[in-house]
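Step one of this worksheet: look at the structure below.
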Amino acid sequence: MILIYLDPGSGSFLIQLLIAAIAGLSIAVGANWAKLKRWIGRKKKKNETDDEEDDNQQPGA
Amino acid sequence: MKKTIINSPVHSASFRDPSGFLFTRDGVLYRQVNQAYGEEYTHLMESGLYARLVKAGLLIAHVESEIEPADEKLVYKVLCPERVPFISYPYEWSFGELKDAALATLSIQKRALKFGMSLKDASAYNIQFFRGRPVLIDTLSFETYQEGEPWVAYRQFCQHFLAPLALMACRDVRLSQLLRVFIDGIPLDLASKLLPIRTRWRMGLLAHIHLHASAQRRYADVAISEARAGRRMSKEALLGLIESLQATVRKLDWKPAGTEWADYYAANNYSDAAFEHKKVLVGDWLSRIEAKKVLDLGANTGIFSRCAVETGANVISADIDPAAVEVNYRLVKENKEQDLLPLVIDLTNPSPAIGWQNLERDSFLQRGSFDVTLALALIHHLAISNNVPLTRLAAFFATCSEWLIVEYIPKSDSQVQKLLRSRLDIFKEYTQSGFEEAFKSCFTILESSAIRDTERWLYLMRRK
């Protein structure tokens, strides 16, 4: 498919909205699920995001 | 990085972005930030995002410079970034390198969102390997995040990273070479066609590649504003999208096993004594030359590249075999090596210059300057498998660096015999004296030594 006048951007945009909505929802459910578990008192460890883990992977000396 | 448009110090890949551009002066690389980007640059620096990313080793550090700008009418600031020793391109990376570059991009985007910014590009060319790790080199890639907006670089991320990674992991690792043809990443409809049907059962690939490609086709003639119809995307949804991409990339894997080269040393006829002798010779010669920049051609998994690193050099460790390069990169990661960059390079057809006017991405041979080239257990492949006359080989090595450490492998060697088994022996000049004669056209032979327990010879030469 060679696009000259047509732009694949609209499709990319729409699919992004759809995936993001589903992914965002699953994160929200996941977060509440963790809260619920904490509330019940089964899981005491704090939930670290992988974002923070990355900070520890600094270049070695 | 040396190439410039005629009469302009502005880097020839720096013409698309109105935010600023790269230029070199007196051999120093600078980045001009234009007024158009002033507000965003200030946000990047003052929000703490810059410091956070630099600390995490994800963004190249820079200092603001007082030198005269390259374009006074547009200038906001001039930056002097830390210099990456060698610019490499995604079609030269092993699977692991491309995967780590993808994960670095997503990690940067997640952090940026926390500081009210977002990446406006997700180009693989904006990532370079610096001290053994992927780092963003384009300081002007950030824009202020507007709540409700989607990720403008989503499609580019899928084309530059996800599609090639999926093709390499699920179809064939050599498909990374498509990136050489498609400078803005692999078109998703093509990736979708080439991927095995089974990838449709994997949620991430189904969504980000297959459905993404269908949506592109279906809405190709619809304007974005029309397609959007006022819909907004919450920050949580955007984070969800990034996390979904992270999970999809992490699940892709490719194991460098069973190729001809990745287990070359185990399978080949070197004895331990021969190997050690070769290491000692290479190490001694490199120390004597005091080489700072080394190009190891046919490096396999980088054993001799590491000899060079031990003598204090920064090494480009190039090999044709993606599996050997992958093993090499995994060693770099495991040992946190900072001075070795493994790259997939086919010497019989090294990366060409590509892009607009053939100036956007330099060819492999244009990019670096090296003190010494290592060509160990290599020339029989070029001379016999690829029919390159020895004089041409010498002329090629003379363009690479002033010094050359080269191994001569006679026809009687079992590895050469293997090559000759399937070809007619038309290589009359391929003898030790023929080799020396040919290389003397460009080099002075300073040292030579037989390698213990073998019929092979090692030479130290200097360009005439």
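By convention in this document, chain letters (A, B, ...) are assigned in the order of the sequence lines, proteins followed by strands, and residues within each chain are numbered from 1. Note that the coordinates shown come from a computational prediction; the quantities given were computed from them, not determined experimentally. Side chains included, hydrogens not; waters and symmetry mates left out as well; all remaining heavy atoms used.
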- Measure the acute angle between the ring planes of B:F129 and B:W93, then classify it against the limits of 30° and 60° as parallel, tilted or perpendicular.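 Aromatic pair B:F129/B:W93 classed perpendicular.
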Interface residue of largest heavy-atom contact number with chain A, from [options], under 4.5 Å:
| options | answer |
| --- | --- |
| B:L211, B:L241, B:L188, B:L238 | B:L241 |
| B:G132, B:A237, B:A207 | B:A237 |
| B:E226, B:H208, B:R218, B:E236 | B:H208 |

- B:W201 side chain to B:L206 main-chain N or O, any donor-acceptor pair under 3.5 Å?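 Absent.
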- Message: If we count only N and O atoms by modelled type, under 3.5 Å, do the side chains of B:R330 and B:N335 hold a donor and an acceptor together?
- Response: no
- Message: Just by distance, no angles: are the side chains of B:Q156 and B:S123 close enough, under 3.5 Å, to form a donor-acceptor pair?
- Response: no
- Query: Given that the side chain runs from C-beta out, which part of B:A223 has a heavy atom under 4.5 Å from chain A: side chain, backbone, both or neither?
  - Reply: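 Contact with chain A involves the backbone of B:A223 alone.
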